[in-house]
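Reading through the structure tokens given below for one structure.
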Amino acid sequence: MNEIKIVIAGPRGRMGKEALHLIHTTPHFSLVGAVDRINGGKLISDIEGLPALDAPIYEDLETCLQQVKPDVLLDLTTPEIGRKHTKLALEYGVRPVVGTTGFSAQDLTELQDLAEQKELGAIIAPNFAIGAVLMMKFSQMAAKYFQDVEIIELHHNQKLDAPSGTGIKTAEMIAEVREKKQQGHPDEKEHITGARGADFEGIRLHSVRLPGLIAHQEVLFGGDGQTLTIRHDSYNRESFMSGVQLAIETVMKIDLLVYGLENIME
């Protein structure tokens, strides 16, 4: 396989550190630069706890893209920065692989149009864990037979967005095959606002944030005399790396924006 030159945004985060290890140990991946707001001018190898990679660090993405000419941007930052970086990468002819969430429908439409205009691949993945993607696909299958469903997503207490991208994506996939329906008793009343969770076309979506958690989700279906629970748990960030590798390799072969790993898995 041909060498893929990668720039990573967010190298010091927990996901970023795992991704650096992936790049370091994958023969056809080459790290050519990184973006970090507080370590501009240094090398990755200068930062304690990061791999011995001699890739330069830049404080802003535009300067990085102008100087190192990568094939792929791997963005593992925050929702607001991720949106800006995705657009900037496409404008510079670089294929983005984005692990941040919080993209609106309008954001996705604009980025999809830009990717098609530039004839570049782009992948935005609410979750890189292969098991989580299967959990979403299985939930969509089950929703054809169970109309009543609630989603509980559980993450570490440093996560910035709620509901999670995985929770929203799961609800969207279920809504594609399920008729909109208000669940529960028609006269139910919340004595504390929010007790029933968010409402997505009648699907109830709950967010839990606690220290000790990484990324977890269960989808509960109810029917006459039976329930079905589909659950996925990520216990460390290494669980996401097989999906990151798949996305980086796949984005080089496509010329449109893909939202969700389920769209590139056989």
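One-based numbering along the sequence shown. Since the structure is predicted, the reported quantities are computational estimates derived from the model, not experimental observations.
Inter-residue side-chain proximity for Ile152 and Leu154 is flagged as met; some heavy-atom pair is nearer than 4.5 Å. Looking at heavy atoms from C-beta onward, Ile44 lies in side-chain contact with Leu31 at the 4.5 angstrom threshold. A heavy-atom distance below 4.5 Å is found between the side chains of Phe103 and Arg83. For the pair Thr166/Met135, a side-chain contact is recorded, criterion being any heavy-atom separation below 4.5 Å from C-beta on. The closest side-chain heavy-atom distance from Thr26 to Gln245 is below 4.5 Å. For the pair Tyr58 and Asn39, the minimum side-chain heavy-atom distance is 4.5 Å or more. No side-chain heavy atom of Ile214 sits under 4.5 Å from any side-chain heavy atom of Asn236. Taking the side chain as every heavy atom from C-beta outward, Val35 and Val7 approach each other to under 4.5 Å.
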For Leu53 and His24, run side chain to side chain contact (heavy atoms under 4.5 Å, CB included): C-alpha distance rounded to whole Å, both residues' side-chain angles, the deciding distance at 0.1 Å, then the answer. CA-CA 7 Å; Leu53 294 165; His24 188 47; 3.2 Å; yes
Apply side chain to side chain contact (heavy atoms under 4.5 Å, CB included) to Met173 and Lys137, showing your working. CA-CA 8 Å; Met173 291 174 64; Lys137 291 173 73 73; 4.2 Å; yes
Test log, rule side chain to side chain contact (heavy atoms under 4.5 Å, CB included), inputs Tyr145 and Leu228: CA-CA 11 Å; Tyr145 305 97; Leu228 171 66; over 6 Å; no
Dump the intermediate steps for side chain to side chain donor-acceptor pair (under 3.5 Å) on Gln147 and Glu179, then the final yes or no. CA-CA 8 Å; Gln147 289 293 297; Glu179 291 185 13; over 6 Å; no
Going through the distances and angles, do Lys84 and Glu62 end up as a salt bridge (Lys or Arg N to Asp or Glu O under 4.0 Å)? CA-CA 11 Å; Lys84 295 177 181 177; Glu62 188 162 16; over 6 Å; no
Stepwise side chain to side chain contact (heavy atoms under 4.5 Å, CB included) check, Asp75 with Val97: CA-CA 6 Å; Asp75 189 276; Val97 170; over 6 Å; no
Side chain to side chain donor-acceptor pair (under 3.5 Å) between His28 and Glu249, worked out: CA-CA 10 Å; His28 56 284; Glu249 292 171 348; 2.8 Å; yes
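More than 12 heavy atoms of other shown residues, nucleotides or ligands fall within 6.0 angstrom of atom CE in Met265. Counting non-hydrogen atoms of other residues, nucleotides and ligands closer than 6.0 Å to CD of Glu238 gives a total of 12 or fewer. When the shell of 6.0 Å around CD of Gln106 is examined, it contains 12 or fewer heavy atoms from other residues, nucleotides or ligands. Crowding of Gln226 atom CD: a count of heavy atoms from other residues, nucleotides or ligands under 6.0 Å exceeding 12. In this structure, Arg14 places its CZ atom where only 12 or fewer heavy-atom neighbours from other residues, nucleotides or ligands lie under 6.0 Å away. Annotation for Arg231: atom CZ counts as buried by contact number, over 12 foreign heavy atoms lying within 6.0 Å. Asn2 CG: 12 or fewer foreign heavy atoms inside a 6.0 Å radius.
When all heavy atoms are compared, the tightest approach of Ser30 to Glu3 is CB-OE2, 3.4 Å. Contact between Asp148 and Gln183 at its shortest, heavy atoms only, is CA-OE1, 3.3 Å. Of all heavy-atom pairs spanning Ser234 and Ala129, the tightest one is OG-CB, 3.9 Å. For Pro70 against Leu65, the heavy-atom pair with the smallest separation is CG-CD2, 3.7 Å. Taking each heavy atom of Ile130 and Ser242 in turn, the nearest pair found is CG1-OG, 3.4 Å. Residues Ser139 and Val219 approach most closely at OG-CG2, 3.4 Å, considering heavy atoms.
We find the CG-CZ distance between Leu160 and Arg209 to be 9.5 Å, quoted to the nearest 0.5 Å. To the nearest 0.5 Å, atoms CE (Met15) and CD1 (Ile8) are separated by 8.5 Å. For the atom pair His155 NE2 and Leu213 CG, the distance stands at 9.0 Å (nearest 0.5 Å). Between atom CD1 of residue Ile123 and atom CD1 of residue Ile264 there is a gap of 4.0 Å, rounded to the nearest 0.5 Å. Summarising the geometry, atom CG belonging to Asp36 is positioned 7.0 Å from atom CD1 belonging to Ile47; distances are rounded to the nearest 0.5 Å. To the nearest 0.5 Å, atom CD of residue Glu153 and atom CD1 of residue Ile151 are 9.0 Å apart.
Follow the hydrophobic side-chain contacts under 4.5 Å out from Met252 and you reach Met241 in the same cluster. Tracing side-chain contacts under 4.5 Å through hydrophobic residues (I, L, V, M, F, W, Y), one never reaches Val251 starting from Ile124; they form parts of separate clusters. Criterion: ILVMFWY side-chain heavy atoms under 4.5 Å apart, direct or through other members. Under it, Leu220 and Ile230 are not part of a common hydrophobic cluster. Under the 4.5 Å side-chain heavy-atom criterion for Ile, Leu, Val, Met, Phe, Trp and Tyr, Val94 and Ile248 are members of distinct hydrophobic clusters. Note on Leu134: it clusters hydrophobically with Val149, by side-chain heavy-atom contacts below 4.5 Å among ILVMFWY residues.
A salt bridge links Lys159 with Asp161: at least one charged nitrogen is closer than 4.0 Å to a carboxylate oxygen. Note on Glu59 versus Lys42: no salt bridge recorded, every NZ/NE/NH1/NH2 to OD/OE distance being 4.0 Å or above.
With Thr250 contributing its side chain and Ala247 its backbone, the two residues share no donor-acceptor pair below 3.5 Å. A distance-only check finds no donor-acceptor pair linking the side chain of Asp107 to the backbone of Glu110 [under 3.5 Å]. Between the side chain of Asp71 and the backbone N or O of Ile4 there is no donor-acceptor pair closer than 3.5 Å. With hydrogens and angles ignored, the 3.5 Å screen pairs a side-chain donor or acceptor of Lys169 with a backbone N or O of Tyr259. Listed for the Glu190 side chain is a donor-acceptor partner under 3.5 Å among the backbone atoms of Ala195. Under the 3.5 Å distance criterion, the side-chain polar atoms of Arg95 are left unmatched by any main-chain donor or acceptor of Val72. Checking side-chain atoms of Arg178 against main-chain N and O of Phe146 turns up no donor-acceptor pair under 3.5 Å. Panel note: side chain Arg37, backbone Gly40; no donor-acceptor pair is recorded below 3.5 Å.
Note on ring orientation: taking the six-membered ring where Trp is involved, the planes of Tyr235 and His216 are perpendicular (angle over 60°, cut-offs 30° and 60°).
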